[in-house]
Amino acid sequence: MPTLLSLPDDILIKLALGESVLEAARRADVPIACACGGKAKCSTCRIWILDGADGCPERTALERTLVERLGLGNNVRLACQLRPASDITFRRLVLDETDLRMTSQLLPHRSTSAGELKSVVIFFSDVAGFTHFSETLTPYDVMYLLNRYFTQVAEVIELNDGYIDKFVGDGLMAIFGVKGQDDAPVRAVNAALQTLATVDRLKPFFATMYGIDFDIRVGLHLGEAVIGSVGSPGNERLTAIGDAVNVASRVETANKEAGTRLLISETLYERVKGEVEISDFIRVRLRGTSDRISLYEIKKLKVEAERRLNEKGARKTMQLGGKTWHRTVATSALKDGDHKVIEFQALYVVILRRGGRVHAFNNACPHLKLPFFESTSRTNSHAGQASTLTRTARWCVAGITADSIWIQAKS
Ligand code: FES
């Protein structure tokens, strides 16, 4: 049987019949990364053949495709695809301490540190004519404008189970489906439509404040990307790496020439076509590619999808800032100065709205455990008293969106 010498581990492995280098190395506890599970998609199992390269078999079609796209050298092989027939010596291309720590299977974040290949929707947006704004407005105005826009859009993304990857200047990148949610494609489209609606509501404000016609462009693409943590230890952030990201960015850019605001790729359209209405489609050659592809301009969701995703009260919880928020009462049902007592996780909780803010706290005095309020809503003169008591008795955190008031338990 051929033998493999793995460096820098200096481990000699006897290859079993038909085994790949990856399979043999893992059997011998050599920690070769394999983010895609051996499907020739991630290239994290790449090794450098130091000796015996001439006796290695030809690359498989899958390996050739990936290696050519990445421009890897002749002696760099994918361990998951290579099944040697004679002895080889190889060096893993995870060579230094930082790489070892990031890919170690003993670390708690090992699944994301090494990365996982997932089917996700990548969302890209940017501000139309941003260069002109940034040249004509003061930096403070630009900062204010971007923050006001990003704050509202971030809420839309997170309400639709999206993950905000990064803000770059006027651009935003988000990922839908990080946790493998089945409805990520249609939720991404929903988020894009709601983002545009948010911008439409902001337009008159920006026009009055700065005399500008504020607008954005959004591009979405469904594809496979490696989802993993990137950054120095302690400063890692989840991100997506792969062709899908580049394609999504180019789809977003294609809006400019097409004169559209929201385009999605063909792969995403195939997944959501039963749930969306389109205005048009275009055939384009994306920047940096040779083939023409179809992009679809989304008009709106079909009635059933709209009802399922956006009906008030349809979603009882949402993830925001890493916390689970629970929908309570409609924003319109609680006027300024009002309070309501609700049942939440087997306790009575007071929700109080005052001065544009909402507060939530346990409806029990911390000393005598007597209720502050009866379990009915009212507008009354006790509001001032309750506001004082929240400073010592609050155990929930409340937040407000356009349609609902949300709370999260505070440990
Ligand atoms: S394990 Fe992903 S390319 Fe080999």
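Numbers here simply count residues along the sequence, with the first being 1.
Between the side chains of Glu306 and Asn190, not a single donor N or O lies within less than 3.5 Å of an accepting N or O. No hydrogens or angles considered: a donor-acceptor pair under 3.5 Å links the side chains of Gln81 and Thr60.
With Asp170 contributing its side chain and Val127 its backbone, the two residues share a donor-acceptor pair below 3.5 Å. Judged by distance alone, the side chain of Asp87 and the main-chain N or O of Thr3 form a donor-acceptor pair under 3.5 Å. Side chain of Asp141 to main chain of Leu137: no donor-acceptor pair is present (N/O by atom type, distance under 3.5 Å, no hydrogens or angles). Side chain of Asn160 to backbone of Ile157: no donor-acceptor contact under 3.5 angstrom is found. A donor-acceptor pair is defined here as one N or O able to donate and one able to accept, closer than 3.5 Å; such a pair exists between the side chain of Glu63 and the backbone of Leu78. Remark: the backbone N or O of Ser404 is paired with a side-chain donor or acceptor of Thr331 at under 3.5 angstrom. In terms of modelled atom types and a separation under 3.5 Å, the side chain of Glu155 and the main chain of Val153 share no donor-acceptor contact.
Taking the charged nitrogens against the carboxylate oxygens, Asp338 and Arg353 have no contact shorter than 4.0 Å, which rules out a salt bridge. Arg64 and Glu58 are not joined by a salt bridge, as no carboxylate oxygen comes within less than 4.0 angstrom of a charged side-chain nitrogen. The pair Arg285-Asp291 does not meet the salt-bridge criterion, since no charged nitrogen lies less than 4.0 angstrom from a carboxylate oxygen. Under 4.0 Å is where a charged nitrogen must lie from a carboxylate oxygen, and between Arg261 and Asp200 at least one such pair does. A salt bridge links Glu270 to Lys273: at least one charged side-chain nitrogen sits closer than 4.0 Å to a carboxylate oxygen. Between Lys302 and Glu277 there is no salt bridge, since no side-chain N of the basic residue sits under 4.0 Å from a carboxylate O of the acidic one.
Within a 6.0 Å sphere centred on CE of Met209, other residues, nucleotides and ligands contribute more than 12 heavy atoms. In this structure, Lys166 places its NZ atom where more than 12 heavy-atom neighbours from other residues, nucleotides or ligands lie under 6.0 Å away. By the 6.0 Å contact criterion, NZ on Lys203 is enclosed, its count of non-hydrogen atoms from other residues, nucleotides or ligands being greater than 12.
Contacts classified as ring pair (Phe, Tyr, Trp, His ring centres under 6.0 Å) and involving residues 250-293 (residues at least two apart or in different chains) are given here: Tyr269-Tyr296, Phe281-Tyr296. Sorted by first and then second residue, the ring pair (Phe, Tyr, Trp, His ring centres under 6.0 Å) pairs involving residues 40-66 (not counting sequence neighbours) form an empty list. The list of ring pair (Phe, Tyr, Trp, His ring centres under 6.0 Å) pairs with a residue in residues 153-193, not counting sequence neighbours, reads Phe150-Phe167.
Taking the ring-ring contact (aromatic ring centres under 6.0 Å, His included) definition, one finds that Tyr149 meets it with Phe214, sequence neighbours left out. Arg27 is linked by a side-chain contact (heavy atoms from CB on, under 4.5 Å) to Ile13, Ala16, Glu19, Ala24, counting only residues two or more places apart in sequence or in another chain. In this view, Asp9 and Ser6, Arg92 satisfy the side-chain hydrogen bond (donor to acceptor under 3.5 Å, both in side chains) rule, not counting sequence neighbours.
Of all the heavy atoms in Ser134 and Val142, the pair that sits closest is CA-CG2, 3.9 Å. Leu82 approaches Pro57 most closely through the heavy-atom pair CD1-CD, 3.8 Å.
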Intermediate values then yes/no, side-chain hydrogen bond (donor to acceptor under 3.5 Å, both in side chains), Asn246 and Ser249
CA-CA 5 Å; Asn246 303 327; Ser249 169; over 6 Å; no
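In this structure, Arg148 is not positioned above the aromatic face of Phe206 in the sense of NZ or CZ being under 6.0 Å from the six-membered ring centre and within 45° of the axis.
Rounded to the nearest 0.5 angstrom, Ile212 CD1 and Thr136 OG1 are separated by 7.5 Å.
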